[in-house]
Amino acid sequence: MVEESEERSLDFVRQIVADDLAKGKFRQSVTRFPPHPNGYLHIGHAKSICLNFGIAQDTGGVCHLRFDDTNPVAEDPHFVDSMQEDIRWLGFDWGEHLYYASDYYEQLYEHACTLIRKGDAFICDLSSEEIAERRGTLTEPGEASPFRDRPADESLDLFERMRAGEFEPGARVLRARIDMGSSVLPMRDPILYRILDTPHHRTGNTWPIYPMYDFAHSLSDAIEHITHSICTLEFQDRRPLYDWVLERVGIPEPRPRQYEFAELSLSRTILSKRFLGQLVGEGAVAGWDDPRMPTLSGMRRRGFTPESIRAFCDGVGVARRDNTIQLERLHFEVREHLNQVAPRAMGVLRPLKLVVENYPEDREEELPAVNNPQDPQAGTRLVPFSRELWIERDDFLEDPPKKFHRLSPGKEVRLRYAYLVTCTEVVKDASGAVVEIRARYDPETRGGDAPDGRKVRGTIHWVSARHAVPAEVRLYEPLFEEEDPMAAAEDGDFMKLLRADSLEVVDPAWLEPSLGEAPIGLRLQLERLGYFSVDPDSTAGRPVLNRTVTLRDSWAKIAKPKASR
RNA sequence: UCCCCGGUCGUCUAACGGCAGGACAACAGACUCUGAAUCUGUGAAUCGUGGUUCGAAUCCACGCCGGGGAUCCA
């Protein structure tokens with residue numbers, strides 16, 4: 001039990017890093033997180049961030065943050081800012097190592113010229129369609145461009161004129177001269193540079209040509225002396241090209257090496273900047289930071305802690321097989337953390353009036369309540385009690401099943417931190433709906449313990465009606481019912497699968513008065529209900545709460561085993 | 001179909017030729033002023049077939065299943 005953490009085995013990437021360090025191949029590890037600034041970071045990125053920055057932390061290396069901004073069409077400085085905020089929030093620091101691929105445009109251009117001079121690249125005048133036609137198929141080789149053997153001088157001249165802005169977008173491209181017959185498609189004379197007339201968010205209009213991913217990424221890694229270039233599985237077919245570029249431009253050994261791991265998938269969730277952007281764009285959610293979104297900003301707003309997300313990422317491991325993590329695992333981690341740190345309070349979501357008949361109308365008192373049973377340092381607070389209370393509708397049943405420990409006619413329960421009360425009467429309206437419960441309290445049980453030692457099994461939460469603070473509480477369910485929405489969607493139309501009930505607004509819910517001025521961002525537990533965070537939409541005296549996650553509820557499983565999932 | 005990668009409890013993930021282990025989930029019980037937390041326990045896996053070996057989840061071969069790869073995206 002003691003050495004468990006010490007014996008925890010390394011994932012295959014960390015193993016490679018450890019081996020390289022042990023062999024002395026590198027003095028220290030240099031990794032990088034290279035996002036394309038075209039959306040918000042999500043929990044899948046968190047896995048990559050934790051891996052890359054985690055390796056730096058674990059091995060005394062460094063991790064760079066590099067914006068892979070080689071396609072101005074989709075990029076926006078707003079995303080650059082949000083990404084930095086999210087990474088910092090997650091708890092990682094790139095120090096002085098903030099880079100942009102666009103900072104390397106001049107060097108990349110020089111490297112491209114080197115390739116042209118060596119006969120490893122050429123300017124191709126074919127149109128986009130013509131290039132596509134000649135690419136071949138998965139089973140058939142491609143056909144060489146008629147410009148493939150263009151003299152280096154001519155290509156160089158054309159390339160310079162491309163840079164000078166002499167040609168229209170699409171008129172010409174720079175292509176690597178590799179092998180149109182390769183069974184590795186990215187090696188079939190891939191495009192290295194294209195002409196774009198879109199202004200860049202950092203370089204403005206200075207560059208009419210932009211490097212493609214394979215060229216820019218490999219060389220950016222080399223420029224930064226990255227030792228281990230870690231990416232997801234879909235890039236594995238491009239590794240030969242990555243190596244080819246570095247070798248051909250003459251990057252000396254030891255060169256950066258690319259390693260691929262399986263990206264994170266989460267059940268009942270989609271993780272793709274593009275599709276998440278579609279949810280935002282079509283108004284299916286309120287924004288990138290909607291608490292239902294798996295974005296880091298959405299999760300932050302929902303009440304997830306950085307600690308819990310890091311624990312989650314560490315827990316799921318790093319491997320090469322496709323995987324889908326169950327949402328329950330994420331919920332486990334956030335409960336695990338919040339249980340330790342979240343202050344407790346009482347609040348009622350579905351109010352039912354409880355009148356304590358023998359408690360004087362004009363009387364009220366303040367009862368001490370423990371702030372966090374997991375943390376004695378958290379102390380206690382005073383909660384007001386009076387004759388009329390709100391209790392949870394679910395905590396009363398006129399005709400209870402066998403193991404129901406809550407309120408029902410004639411039964412006694414404990415009002416948490418207050419008194420034992422016995423239900424004496426059920427008041428109904430004309431339609432027969434229960435509108436009020438009447439009960440008598442035992443004055444000897446102040447604080448919740450009976451002097452005669454009698455055991456009361458049920459304890460329910462409550463709020464004094466007179467003192468209660470109204471609040472809006474937002475309850476969330478996953479956006480999708482399907483384990484794998486993208487697989488379940490016909491023609492990729494996942495919008496049709498969106499649940500109508502992913503957001504439920506409870507208004508008003510009644511909270512104990514200590515929550516009246518709860519600061520935005522506070523994470524708390526409403527006892528017996530779940531963990532919540534105070535939303536930025538809150539106004540003075542009127543909190544808005546997001547339910548991060550419910551508490552585990554073993555009664556729900558007994559009561560309604562089928563509906564509980 | 002051409003190339004690449006991968007298949008271990010329901011879900012993740014270990015085991016680096018030598019006892020298939022852990023976590024989440026599930027189930028049962030104990031405890032409980034949160035039906036929470038905590039504690040105890042139970043069930044649950046090496047894709048198949050051959051081969052190599054004293055010994056195979058691990059190495060080899062063949063098969064089966066799954067994923068990725070043809071954008072002037074990353």
Side-chain angles (χ1 to χ4, degrees), chain A residues 4 7-9 11 15 34-36 38 68 70-71 73-74 124 126-128 131-132 135-142 169-175 182-188 190-196 209-210 212-214 216-217 231-240 260 262 267 273-274 312 315-333 335-336 339-340 344 346 369-370 373-374 403-406 413-418 420 447-449 455-461 483 525-530 550-559:
Chain A
E4 192 176 319
E7 290 186 2
R8 195 180 161 178
S9 57
D11 61 66
Q15 188 64 57
H36 182 47
N38 66 343
D68 209 356
T70 56
N71 183 6
V73 176
C124 179
L126 256 23
S127 70
S128 174
I131 289 175
R135 192 151 24 227
T137 67
L138 292 177
T139 52
E140 297 155 334
R172 287 178 227 270
V173 290
L174 177 70
R175 288 230 256 170
S182 176
S183 50
V184 178
L185 278 352
M187 296 295 271
R188 317 239 262 226
I191 294 168
L192 265 23
Y193 268 89
R194 78 287 213 191
I195 302 171
L196 253 31
I209 54 172
Y210 292 91
M212 299 290 288
Y213 167 82
D214 296 287
H217 197 88
C231 61
T232 46
L233 247 27
E234 73 265 29
F235 291 95
Q236 56 184 316
D237 296 283
R238 330 196 70 91
R239 192 170 64 227
E260 311 90 17
S267 68
K273 272 187 288 192
R274 195 175 126 225
F312 172 77
V316 299
V318 178
R320 281 179 69 85
R321 81 186 74 159
D322 292 330
N323 62 85
T324 301
I325 312 297
Q326 295 172 328
L327 209 45
E328 288 73 14
R329 187 152 185 169
L330 185 59
H331 292 166
F332 164 80
E333 294 292 355
R335 285 190 191 110
E336 180 89 341
N339 179 44
Q340 299 304 321
R344 272 56 167 175
M346 290 195 286
V370 174
Q374 306 295 320
K403 291 181 184 164
F404 189 77
H405 303 311
R406 283 109 99 143
V413 294
R414 174 167 29 244
L415 295 174
R416 180 109 159 122
Y417 298 126
L420 300 182
D449 289 308
K455 292 292 177 209
V456 172
R457 186 70 192 272
T459 300
I460 65 175
H461 58 275
E483 286 291 300
Q525 183 195 101
L526 290 183
E527 295 212 31
R528 305 211 303 134
L529 295 177
T550 61
L551 256 27
R552 286 188 55 175
D553 187 353
S554 50
W555 168 247
K557 288 182 208 166
I558 301 167

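Note on naming: letters A, B, ... go to the chains in the order of the sequence lines (proteins, then strands), and numbering restarts at 1 for each one.
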**Study point:** Distance in angstrom units between A:Arg321 CZ and B:rA14 C1', rounded
**Key:** 9 Å

**Study point:** Nucleotide of B:rC12, B:rU38, B:rA14 approaching A:Glu336 most closely (side-chain heavy atoms)
**Key:** B:rU38

Exercise for review: Quick one: pull up CE in A:Met212 and CZ in A:Arg175 and give me the separation to the nearest 0.5 Å.
Suggested key: 11.5 Å

Exercise for review: Would you mind reading off the distance between A:Asn71 atom CG and B:rA74 atom C1', rounded to a whole angstrom?
Suggested key: 8 Å

Practice item. Using the C1' atoms only, state how far B:rA61 lies from B:rG22, rounded to an integer number of Å. Key: 33 Å

Review point. Base, sugar-phosphate, or nothing for A:Tyr210, non-hydrogen atoms under 4.0 angstrom?
Key: nothing

Practice item. Would you classify A:Leu126 as touching base, sugar-phosphate or nothing, given that sugar-phosphate means primed atoms plus P, OP1 and OP2, and contacts are heavy atoms under 4.0 Å? Key: base

Check your understanding: Is A:Thr70 near enough to B:rA74 that one of its side-chain N or O atoms lies under 4.0 angstrom from OP1 or OP2?
Key -> yes

Point to revise | Under 4.0 angstrom between A:Arg239 side-chain N/O and B:rC3 OP1 or OP2 | key: no

Study note, to complete from the structure: A:Gln374 has its side chain closest, among B:rC2, B:rA36, B:rG35, to B:rA36

Practice item. Report which part of the nucleic acid A:Phe312 touches: base, sugar-phosphate, or nothing (heavy-atom distance under 4.0 Å, all strands). Key: nothing

Review point. Got a donor-acceptor pair under 3.5 Å from the side chain of A:Glu328 to the base of B:rU11?
Key: no

Check your understanding: Using the P atom in both, what is the distance from B:rG41 to B:rG21, to the nearest Å?
Key -> 15 Å

Exercise for review: When you get a sec, tell me which of B:rG35, B:rU38, B:rC27 is the closest nucleotide to the side chain of A:Lys557?
Suggested key: B:rC27

Review point. Between B:rA74 and A:Arg194, is there an OP1 or OP2 to side-chain N/O distance shorter than 4.0 Å?
Key: yes

Practice item. Please lay out, stage by stage, how A:Asn71 and A:His36 fare under the test side chain to side chain contact (heavy atoms under 4.5 Å, CB included). Key: CA-CA 9 Å; A:Asn71 183 6; A:His36 182 47; 4.1 Å; yes

Practice item. Could you check which nucleotide pairs with B:rU32 in any of the strands shown, counting Watson-Crick or G-U wobble with both distances under 3.5 Å? Key: none

**Study point:** Distance in angstrom units between A:His461 NE2 and B:rU32 C1', rounded
**Key:** 18 Å

Review point. Taking CD from A:Gln326 and P from B:rA26, how many angstroms apart are they, rounded to a whole number?
Key: 10 Å

Practice item. Tell me which of A:Gly170 and A:Leu526 sits closer to the 5' end of RNA chain B, going by the nucleotide each one is nearest to. Key: A:Leu526

Check your understanding: Do the side-chain N and O atoms of A:Gln236 and A:Arg320 include a donor-acceptor pair separated by under 3.5 angstrom?
Key -> yes

Practice item. Would you kindly check whether a donor in the side chain of A:Arg552 faces an acceptor in the base of B:rG35, or vice versa, at under 3.5 angstrom? Key: no

Exercise for review: Measure from the side chain of A:Pro373, starting at C-beta and using heavy atoms only, and say which of B:rC5, B:rC12, B:rU34 lies closest.
Suggested key: B:rU34

Point to revise | A:Ser183 side chain near B:rC3 phosphate (N/O to OP1/OP2, under 4.0 Å) | key: no

Study note, to complete from the structure: Separation of B:rU34 atom P from A:Asn339 atom CG, nearest Å, is 13 Å

Extract from the structure each pairing of a protein N or O with an N or O of nucleotides 65-68 of chain B at less than 3.5 Å, listing the distance.
unit_1: B:rG67; atom_1: O4'; unit_2: A:Asp322; atom_2: OD2; d: 3.3
unit_1: B:rG67; atom_1: O2'; unit_2: A:Asp322; atom_2: OD2; d: 3.1
unit_1: B:rG68; atom_1: N2; unit_2: A:Asp237; atom_2: OD1; d: 2.9

**Study point:** B:rC3 to B:rG18 separation - C1' atoms, rounded to the nearest Å
**Key:** 37 Å

Practice item. Establish whether the base of B:rU34 is bridged to the side chain of A:Arg344 by a donor-acceptor pair shorter than 3.5 Å. Key: yes

Check your understanding: Does the A:Ser182 side chain pair with the main chain of A:Val184, one donor and one acceptor, at a distance under 3.5 Å?
Key -> yes

Check your understanding: How close or far is atom C1' of B:rA37 from atom CH2 of A:Trp555, stated in whole angstroms?
Key -> 20 Å

Point to revise | Spatial distance of atom CE (A:Met346) from atom CZ (A:Arg416) [nearest 0.5 Å] | key: 8.0 Å

Study note, to complete from the structure: With the side chain defined as heavy atoms from C-beta on, A:Ile325 is closest, among B:rC72, B:rA14, B:rC12, to B:rC12

Check your understanding: At under 4.0 Å between heavy atoms, what does A:Arg135 touch on the DNA or RNA strands: base, sugar-phosphate, or nothing?
Key -> sugar-phosphate

Review point. How would you label the contact of A:Val73 with the nucleic acid (heavy atoms, under 4.0 Å): base, sugar-phosphate, or nothing?
Key: nothing

Point to revise | Integer-rounded Å distance: B:rC24 P and A:Glu333 CD | key: 8 Å

Point to revise | Between OH on residue A:Tyr417 and OG1 on residue A:Thr459, distance to nearest 0.5 Å | key: 10.0 Å

Practice item. Select one nucleotide: of B:rG35, B:rG69, B:rA74, the one nearest the side-chain heavy atoms of A:Pro186. Key: B:rG69

Check your understanding: Using the P atom in both, what is the distance from B:rU40 to B:rC31, to the nearest Å?
Key -> 15 Å

**Study point:** Nearest listed nucleotide, side chain of A:Arg238, among B:rG35, B:rG69, B:rA74
**Key:** B:rA74

Practice item. Take the protein atom CZ of A:Arg457 and the nucleotide atom P of B:rA36, then report the distance between them rounded to whole Å. Key: 10 Å

Check your understanding: What nucleic acid atoms does A:Arg406 come within less than 4.0 Å of, heavy atoms only: base, sugar-phosphate, or nothing?
Key -> base

Review point. Is the backbone N or O of A:Val456 less than 3.5 Å from a side-chain atom of A:Arg414, with the two atoms forming a donor-acceptor pair by type?
Key: yes

Study note, to complete from the structure: Note: for A:Met212 and A:Asn323 on RNA chain B, the residue whose nearest nucleotide lies more 5' is A:Asn323

Review point. Contact class for A:His405 (heavy atom, under 4.0 Å): base, sugar-phosphate, or nothing?
Key: base

Study note, to complete from the structure: Side-chain contact check for A:Thr139: nearest option of B:rC2, B:rC12, B:rA74 is B:rC2

Revision key, fill the gap. Any strand, both distances under 3.5 Å, Watson-Crick or G-U wobble: B:rU71 pairs with none

Check your understanding: Hey, does A:Arg320 reach any base, or is it just sugar-phosphate, or nothing, if we go heavy atoms under 4.0 Å?
Key -> sugar-phosphate

**Study point:** Gap in Å between the two P atoms, one belonging to B:rG7 and one to B:rC59, rounded
**Key:** 10 Å

Exercise for review: Pick the C1' atom in B:rU58 and in B:rA14, then give their distance to the nearest Å.
Suggested key: 13 Å

Check your understanding: Reckon A:Gln15 touches a base, only the sugar-phosphate, or nothing at all at heavy-atom distances under 4.0 Å?
Key -> base

Check your understanding: Going by heavy atoms in the side chains, are A:Arg344 and A:Val370 under 4.5 Å from each other?
Key -> no

Review point. Is any side-chain N or O of A:Ser554 closer than 4.0 Å to OP1 or OP2 of B:rA36?
Key: yes

**Study point:** Sugar-phosphate only, base, or nothing, as touched by A:Thr324 at under 4.0 Å among non-hydrogen atoms
**Key:** sugar-phosphate

Review point. With rounding to whole Å, what would you report as the distance between B:rU32 and B:rC27 at their P atoms?
Key: 23 Å

Practice item. Could you please name the option among B:rC72, B:rG35, B:rA70 that lies closest to any side-chain atom of A:Ile131? Key: B:rC72

Point to revise | Inter-residue atom distance A:Ser183.OG - A:Arg188.CZ, 0.5 Å rounding | key: 8.0 Å

Review point. Between B:rA57 and B:rC24, how far is it from one C1' atom to the other, in whole Å?
Key: 22 Å

Using a cutoff of under 3.5 Å, can you pull out all pairs of nitrogen or oxygen atoms linking the protein to nucleotides 42-44 of chain B, with atom names and distances?
none

